[in-house]
Amino acid sequence: MRLKTQILLLITPLIVIPLLTLGWIAHNHLRHTSEQRTLDQMEVLLDQVSLNIESEIDAAEFIIKTISKLSLVQQYALTASELDRYAIIQPSLLRLLASFQKTNPDYYEMRILMPDGYEDLRSTIKRIPNITEEEAETPYFKELSNSAQDIYTTYIINPDNNEPALIVGKALRFGNKTVDAITDSTVLRGYLVVTIKPQYSSQQTTSYLFGKKGVLFFTDNQGRILYHPDGPAQKQLPAPFLKKLKSPTEEQLTWSANLFGEQVYINSRKLHKNLFVVGSLPKKEVLEAGQQLGMLIVAITALSIILTLTTLYFFLNRILIKPIQLLNNAANQIAGGNLTNDIQIKTQGEIGDLAYTFNHMRENLRLSNDKIRHLAYHDPLTGLPNRRMLHEYLSHTMAYCRRRQLFMAVLLLDIDDFKRINDALGHQAGDNLLNAVSKLLKECLRSEDLVVVNVDEPPDTGSQFMARIGGDEFVILLPDIKTPHDVQIVARRILQLLSEPIQIANHQLYLTASIGITIFPSDAEDEESLMKNSDIAMYKAKADGKNSFRFYSHTMNEAANQRIHMENKLRTALSQEKLSLHYQPIVDISAGRTAGFEALLRWQDPELGFVSPEVFIPIAEETGLILPIGEWVLKQACTQLKSWHNQGHDDLFVSINVSNVQVARSDLVTIVRTHLSDTALSPESVHLELTESSFVIEKGRTSDTLKKLQDLGVYISLDDFGTGYSSLARLRNLPINVLKIDRMFINNMFKSKEDAAIVSAIIAMGRSMDIHVLAEGIETQEQYDSLAQKGCDMVQGYLISRPIPASEVPGFIAAQLTSVA
Amino acid sequence: MLTEKSDIFKTLLSCFLLITSTQAFSAEKPTEELVFLNWADYIDPEVIKEFEMKFNTKITEINFESNDDRDIMVNETNGTAYDLVVVNGIQLELYKRQGWLAPINEKLAPNIKHIYPKWKNAFPGAKGYAAPYFWGTMGIAYRSDLVSNPPTRWMDILNPTSELQQRIIMIDSSRDLIGVALKALGYSANSQKSEQLKEAEKLLEKQKPFVKAYGYIDLTEESSLVRGQTLATTIFSGDALMLQEQHPGIKYVLPEEGGNIWVDYITVMASSKKKELAYKFVNFINQPKKAAQLAQFVYYATPNKGAEKHMGSEYLKDPIIYPSQETLKHSEFYAQISPRVQRKRNQIFSRIVDKN
């Protein structure tokens with residue numbers, strides 16, 4: 001059985017039983033009170049009616065006494081002659097009585113009866129038919145005339161109108177005033193009789209109703225119902241009932257009866273000798289009230305029970321069941337391996353404590369779990385990811401690269417002769433060495449790309465990755481490579497870094513390593529093949545003499561080999577003076593003669609033939625060979641110019657190309673100054689040609705270097721202007737003396753209006769900024785003329801001459817002089 | 001209950017106060033004063049003034065509105081509050097039987113000799129106890145200028161057309177009111193037949209909703225007849241002429257069915273302590289010259305034969321004041337009726353008038 005059910009089963013009876021008991025007691029008590037209240041209400045009403053009747057009779061008797069004492073009444077009674085009485089006194093008396101009745105309409109009939117019962121005077125409010133004027137035989141008159149009392153009062157049904165009436169009669173006894181008053185012998189002269197509409201019949205019927213069906217009604221001695229608020233009082237009370245009514249056993253005792261076919265509670269009062277008031281309350285009503293009360297109490301009790309149980313259920317749920325369920329869910333989650341979610345229970349007390357402990361436990365579990373995981377996925381010595389992690393990461397990354405159609409390089413690095421070092425210096429030193437190597441490798445790659453902690457969540461798979469997969473073997477993953485050359489650069493950099501001496505336990509160690517490279521997906525498409533091929537490539541490197549890298553792929557190895565071959569050739573060419581310079585004339589348009597030459601590097605290899613500078617210059621720059629080559633070019637050009645100057649052509653200048661690698665990595669200023677002083681050339685006869693990239697790479701340093709060069713007095717020439725992204729406005733801030741318009745614009749001058757406009761703009765701008773403008777690659781006279789017309793300072797191109805060896809220069813100058821001449 | 005009781009108290013208290021105050025009034029009367037119970041505007045004040053001057057006395061005049069009204073007033077004090085009372089002929093006998101009237105001594109009032117003997121004996125109780133004052137008829141006064149169909153018969157006001165409805169004032173004396181109804185029905189005003197009386201009551205009952213008031217018309221210029229609020233009323237002939245002076249549109253008619261010929265008498269009360277002065281007053285007003293003056297003031301016919309030579313022939317020939325025998329053919333004096341009929345009439349009247 002569930003805990004919730006158990007608790008409810010235990011608590012429900014504890015609530016329901018007392019509430020039911022309480023409801024039962026309340027019901028009994030309230031029902032009794034309610035019954036009693038209805039019966040009390042009847043008592044009060046009856047008492048009230050009794051009092052009213054009493055005061056009604058009192059008032060009527062008082063009034064009749066007062067009226068009978070009026071002199072007019074007295075005189076009327078004493079006037080024996082009918083003629084006198086009717087002709088003189090009666091109108092007056094009638095008027096008097098009428099005026100009284102006007103204000104007291106309940107006194108609707110006032111009469112004076114003669115002792116023999118003859119109705120002598122009658123004043124009625126409304127026209128009431130008079131059954132007889134001879135009243136002697138009527139029951140009332142009989143009672144009146146037989147009464148010993150002066151005033152006779154009774155409640156009857158008026159035979160004239162068949163309505164209940166209070167009738168009060170007073171005997172009029174007066175002595176004859178004409179006879180001596182002292183004798184005081186009074187004689188009965190007649191009766192003053194007043195018929196009154198009784199209050200009980202004129203009251204609003206509602207004053208006789210109580211409860212729902214309780215009524216008060218009025219009855220006379222014979223059990224005739226005089227007045228009943230529910231309708232015409234026609235019914236006659238049954239004889240036993242009347243008997244009981246007339247002889248109450250105990251006063252004010254409510255008794256039960258069957259009245260007109262209904263079980264009722266009866267209470268009554270005798271109001272007058274001929275008037276009873278009876279209160280009748282149907283037993284059914286009392287029972288109904290009790291039943292209604294019962295229903296109400298049942299409803300209240302039921303509601304209380306429902307409310308209490310609901311509240312209890314709610315709170316139980318909230319403070320006990322729900323937290324337990326939460327704890328249970330959390331435990332299930334932990335069992336399922338989810339250790340990240342805290343239990344959200346904020347309650348104080350035992351449950352709260354339990355939840356806290358639970359969370360604490362879960363956190364500890366999570367930490368140790370993480371530790372285990374780290375141990376499982378990392379190399380304890382270097383802290384680098386291990387083979388297991390590599391396995392996971394590689395599969396993710398392969399999927400990633402496949403999705404995006406990227407190439408990934410897998411580099412397998414093995415330290416050459418590590419076993420030997422290990423054996424010679426001991427394992428500790430070996431371990432230290434491995435640590436140092438991993439540190440170096442990390443530096444070499446960007447460290448943040450290597451942090452891979454949790455393999456559950458796929459890492460940023462676009463990152464570089466490094467792992468130690470055993471002994472002295474490291475694996476480096478380079479996702480998203482564009483060309484094999486990119487890999488080559490990284491491999492070369494690693495080898496170079498490792499070639500630095502490493503200090504281990506007082507030993508200077510010189511390390512080399514061999515690297516095998518596989519490209520995914522072109523070399524292998526699954527992990528196993530990738531690793532196997534990398535291994536093959538690595539052993540190839542080792543076999544080729546160690547301290548090198550090898551691609552698994554032949555073609556890439558070819559390309560790499562060719563490049564290395566050319567590099568070696570170039571190196572040899574430099575040392576063996578296989579490089580030479582050619583000179584292309586530059587003409588000053590205004591002077592109309594050759595003003596200088598651009599020095600252009602030429603490499604004629606016996607094996608490779610003529611190698612274009614466009615091929616070998618990038619290799620030179622990449623390998624750093626450009627530095628000695630550049631220096632050679634400078635020295636050679638300066639020396640050559642000096643010899644021409646010595647031959648008399650001392651107004652010539654030479655323009656020398658300078659690589660941005662030179663600007664960035666060598667002390668160009670010192671080198672130039674040295675050559676200037678060695679050759680004693682005037683600085684302005686030396687022009688240094690740079691491309692836009694030289695100005696852009698490192699703005700501060702480059703322009704600083706250029707500025708210093710300019711300060712030496714040499715001219716700075718901006719080559720290939722228009723192909724880069726420098727804005728014209730930027731030129732103002734650069735140390736420039738000569739602008740060389742790119743040959744492309746010159747070629748298109750007559751084909752594209754825009755290019756023509758650009759050429760014009762450059763020329764105009766150069767003039768305005770006092771910069772010499774030189775147009776390259778002119779091939780026609782037309783171009784020459786146009787440029788001359790635009791105001792271009794200098795031109796260079798096949799129209800004038802191809803580049804020529806230095807030896808032909810004197811002849812060219814001489815020929816030019818001749819042609820000009 | 002308590003409030004009802006107090007209402008009754010108030011009514012009774014006011015009854016008592018009325019009685020006691022009237023008695024107190026008469027007890028404090030100085031000896032040289034005469035209390036004269038009379039119809040309103042029924043004596044020339046000049047004559048009163050002359051009498052007061054001549055005999056160094058004061059006459060306090062108390063007015064009543066109808067014969068019944070007067071009966072009540074006299075009755076309430078058992079005749080003791082007044083020295084002189086104007087009584088209509090038919091009541092004289094009853095008054096005499098009540099012992100309220102003092103005999104008229106012709107030696108103390110010698111001018112009574114100027115009165116036509118036929119008036120002196122016109123009613124059973126008149127002889128030796130009352131001096132005829134005026135005689136006249138009861139008919140209808142109406143506004144000829146405001147009424148399109150001038151009434152000529154009692155029926156015209158008992159069963160009125162719409163223009164008269166609620167514009168009628170009916171006299172509130174049982175004898176006169178029931179008499180009018182009887183005459184309208186073509187019976188004798190003195191009828192004792194219960195069938196005829198029942199018919200009369202029915203007629204009056206039918207008329208009741210159209211009656212503006214039961215009472216006697218005011219004779220001053222404030223009168224509702226003068227102002228036009230009342231268009232017809234039962235009236236004594238002379239009073240109609242008096243009102244005519246206020247408004248010429250007022251006309252008098254003695255209805256075709258005939259009316260009541262009445263005679264008013266001046267009586268001296270048996271209880272009066274100033275009978276001698278009272279006789280002197282009777283004597284004073286019966287001087288032919290004074291009688292003529294009085295008659296011309298009230299526009300009634302005087303029973304004083306000697307007065308006739310002091311009045312213009314125009315007055316003596318006025319058909320309203322002195323109706324011709326032809327006119328009077330259907331009119332009659334009131335005659336005594338039996339007590340039980342009287343009682344019946346009382347009840348009829350009470351039902352019609354008192355209970356409204």
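Residue numbers start from 1 in every chain, and the chains themselves are labelled A, B, ... in the order their sequence lines are given, proteins ahead of strands.
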If you count heavy-atom pairs under 4.5 Å between each of Gln342(B), Gln347(B), Arg340(B) and chain A, which one has the most? Arg340(B)
With rounding to the nearest 0.5 Å, note down the distance linking CG in Leu94(B) to OG1 in Thr79(A). 11.0 Å
[X], part contacting chain A, at a heavy-atom distance under 4.5 Å:
| X | value |
| --- | --- |
| Asn67(B) | neither |
| Arg175(B) | neither |
| Ile90(B) | neither |
| Gln91(B) | side chain |

With sequence neighbours left out, write down each residue that passes side-chain contact (heavy atoms from CB on, under 4.5 Å) with Ile104(B), or none if nothing qualifies.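 side-chain contact (heavy atoms from CB on, under 4.5 Å) check on Ile104(B) returns Ile112(B), Val268(B), Tyr279(B).
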NZ/Lys96(B): more than 12 non-hydrogen atoms of other groups inside 6.0 Å: yes
Quick check on Lys193(B): does its NZ atom have over 12 non-hydrogen neighbours (other residues, nucleotides or ligands) under 6.0 Å away? no
How close do [X] and [Y] get, heavy atom to heavy atom, and via which atoms?
| X | Y | value |
| --- | --- | --- |
| Ile89(A) | Asn75(B) | CA-ND2, 3.0 Å |
| Pro339(B) | Glu82(A) | CB-CB, 3.3 Å |
| Ile72(B) | Arg95(A) | CD1-CD, 3.8 Å |
| Ile88(A) | Gln98(B) | CD1-CG, 3.6 Å |
| Ser81(A) | Arg97(B) | OG-NH2, 3.0 Å |
| Arg343(B) | Asp120(A) | NE-O, 2.5 Å |

Is it the backbone or the side chain of Tyr76(A) that comes under 4.5 Å from a heavy atom of chain B, or both, or neither?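 Answer is neither: Tyr76(A) stays 4.5 Å or more from chain B.
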For Leu97(A), is it the side chain, the backbone, both or neither that has a heavy atom under 4.5 Å from a heavy atom of chain B? neither
